[in-house]
Asks: 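Pasting in a structure now, in structure tokens, and then I'll have a few things to ask.
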Amino acid sequence: MLPDSVLEHLRNVIEAPDLDGTKYEVIEELGRGGMGVVYLARDRVLGRNVALKVSSSPEEARTLAALEHPGIVPVHDAGTLPDGRAWCAMKFVDGTRLDAFRNAGNSLADRMRIFTRVCEPVAFAHSQNVIHRDLKPANIVIGAFGEVLVLDWGAGGKIDLLSETRAGTAGYMPPEQRMGTNNEGTDIYALGRLLDYLLDQNDPKPAHAIAARAADPDPARRYSSVAELAREVTRFLDREAVEAYRESLYERAARWMSRNRTLVALILTYLCARTAIFFLARR
Amino acid sequence: MTQAFFLSALEKGTLVSYDPARAAFRTYLRTCLDRFAINFRKRDRRRPTAAPIDFDLPGPAESPDAVFEREWIRGLFSLAVEDLRNLHDDIRFRVFLAYDLNESEVRPTYAELAMRFGITTETITNYLAAMRRQFRKTLLTRLRELTATEREFRSEARAILGVDV
């Protein structure tokens, strides 16, 4: 009988993709999830590294090939291994994951701007009737040039083909998704949870209100689309009123002054000067 | 106890009465073993002079399911290795033996193997890749023998090897 160490080694080597007959060779394993294993591989012909994903279904490659967007990692190549598993070679993004970005002490404005960039490819996918279903910090990478890429579309696909199947990550799955309901609201909820993850406790209430509305357990109370959610975040960034938060008169005045700092400074300067002139004139 | 189980199974026709439509063979075997172990223990308790039988599992945190699963896979892999040895009694298997079946803590490098066998490191890479490919096929052949239906075979292949065949 085989000892444990040999058994474990054999299980690993037979799981490694047999890429004989392709132009790729595996360098190392990058990560694994419910939908497959991702390897760093070398394209011998073009001399570049790629992210090579091995999964049980070729659907992800087809989904990605149909989604051409700067925020969606492009597929270079795809095929089937001799053992029947599907593989696809994608652009290798050597960037910062969203969780690392969040912990790097970036400003609220930077975090919110990155969030709107995450919304863009998701909104585009929705316009193609495709949802992601597994939006979470580990699946978002910020590239060397500041580009934001949404990875791992293996759990998603065409909405009408996903009916009543379940996938996703606990904490980012809406209540109705656990019951098998899949639609754009699934991603809107996950984006709400993602925004909440990006926020600190001390960040302004309107920002938290946007996250709470997007991740409302009742799908009818969420934003109706990702584009609407992104517009709301943009309003917040522009110091405009947001729909998710009813502000007090004091908060409205504070926001107005914050938005019109130069004007307020000019008025204050003018008033100070007028007051000074008034007193000097009385002497 | 193993012998007693198979003796009992042969006497009672336990394994013959397996119905592939109701469960996977592995699940059925596991259930038979569980029942046998419970009965064996009861009988053993009734005998005051019998030597105590150690039912402790190898690891304190391991469930019987995990132990059964692991041993099932170990058995399957061991059979496949023997099949591979019978199929390829040549330098390729000896390279596979020296690297993938190496039981020491540190495996030799490809360069060390190349020197030992008097071939290039590229040939070592090719031999290992070929033997691993053959090993996968042998495993699947064995798995097909151990499963009753195509559906069970595919389900086991997915569970054990993570492949859709």
Side-chain angles (χ1 to χ4, degrees), chain A residues 1-39 41-42 44 52-62 78-88 152 154-155 157 165 167, chain B residues 2 58-59 62 66-67 69-85 95-108 122 125-143 150 153-155 157-165:
Chain A
M1 283 290 184
L2 300 167
D4 284 348
S5 60
V6 173
L7 185 65
E8 195 183 332
H9 171 75
L10 280 177
R11 290 194 77 176
N12 288 336
V13 296
I14 63 155
E15 199 194 26
D18 177 6
L19 296 169
D20 197 43
T22 73
K23 60 178 180 174
Y24 303 100
E25 60 187 14
V26 169
I27 298 171
E28 62 177 330
E29 185 179 313
L30 290 175
R32 57 179 58 223
M35 294 295 159
V37 186
V38 181
Y39 299 91
R42 184 83 179 153
R44 287 191 298 263
L52 193 134
K53 184 168 186 179
V54 177
S55 59
S56 58
S57 165
E59 273 311 308
E60 182 179 2
R62 290 196 192 116
T80 307
L81 295 173
D83 60 22
R85 287 180 293 172
W87 62 269
C88 68
D152 200 355
T165 58
Chain B
T2 311
E62 274 195 303
V67 174
E69 167 101 8
R70 198 189 58 229
E71 293 310 315
W72 173 267
I73 293 169
R74 193 195 306 278
L76 175 69
F77 274 59
S78 299
L79 286 171
V81 166
E82 284 313 306
D83 291 344
L84 197 65
R85 191 194 301 273
V95 170
F96 183 67
L97 186 71
Y99 190 80
D100 283 334
L101 300 182
N102 195 309
E103 295 182 21
S104 59
E105 280 187 19
V106 184
R107 289 193 160 72
E122 285 75 22
T125 309
N126 292 339
Y127 281 179
L128 281 175
M131 290 311 287
R132 287 168 185 172
R133 203 175 309 132
Q134 189 60 46
F135 183 64
R136 279 189 208 104
K137 281 185 189 167
T138 317
L139 257 179
L140 290 172
T141 307
R142 271 291 178 181
L143 191 60
E150 184 64 21
F153 166 66
R154 296 182 76 164
S155 156
R158 181 182 262 250
I160 297 172
L161 310 173
V163 298
D164 268 339
V165 285

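Per chain, numbering begins at 1; letters A, B, ... match sequence-line order. Below, all heavy atoms of this structure are taken into account, side chains as well, without hydrogens, waters or symmetry copies.
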Asks: Enumerate by number any residue of residues 125-135 of chain B whose heavy atoms lie under 4.5 Å from heavy atoms of chain A; in the absence of such residues, state 'none'.
Replies: B:Arg132, B:Arg133, B:Phe135

Asks: Which residues pass the side-chain contact (heavy atoms from CB on, under 4.5 Å) test with A:Ala155, sequence neighbours left out?
Replies: A:Met35, A:Arg133, A:Asp134, A:Ala167

Asks: With rounding to the nearest 0.5 Å, note down the distance linking CZ in B:Arg136 to CG in A:Leu10.
Replies: 11.0 Å

Asks: Are side-chain heavy atoms of A:Asp4 and B:Arg74 found at a separation under 4.5 Å?
Replies: yes

Asks: Side chain, backbone, both or neither: which part of A:Ala86 has an atom under 4.5 Å from a heavy atom of chain B?
Replies: neither

Asks: How about A:Leu19 and A:Glu25: do any of their side-chain heavy atoms sit closer than 4.5 Å?
Replies: no

Asks: Top residue by heavy-atom pair count (under 4.5 Å) with chain A, among B:Asp100, B:Val81, B:Leu79?
Replies: B:Asp100

Asks: Can you name the side-chain contact (heavy atoms from CB on, under 4.5 Å) partners of A:Glu29, sequence neighbours left out?
Replies: A:Arg32, A:Val37, A:Tyr39

Asks: For A:Thr80, check side-chain contact (heavy atoms from CB on, under 4.5 Å) against everything at least two apart and list the hits.
Replies: none

Asks: Would you mind reporting whether A:Asp152 and A:Lys53 have side-chain heavy atoms less than 4.5 Å apart?
Replies: yes

Asks: So which part of B:Leu139 gets closer than 4.5 Å to some heavy atom of chain A, the side chain, the backbone, both or neither?
Replies: side chain

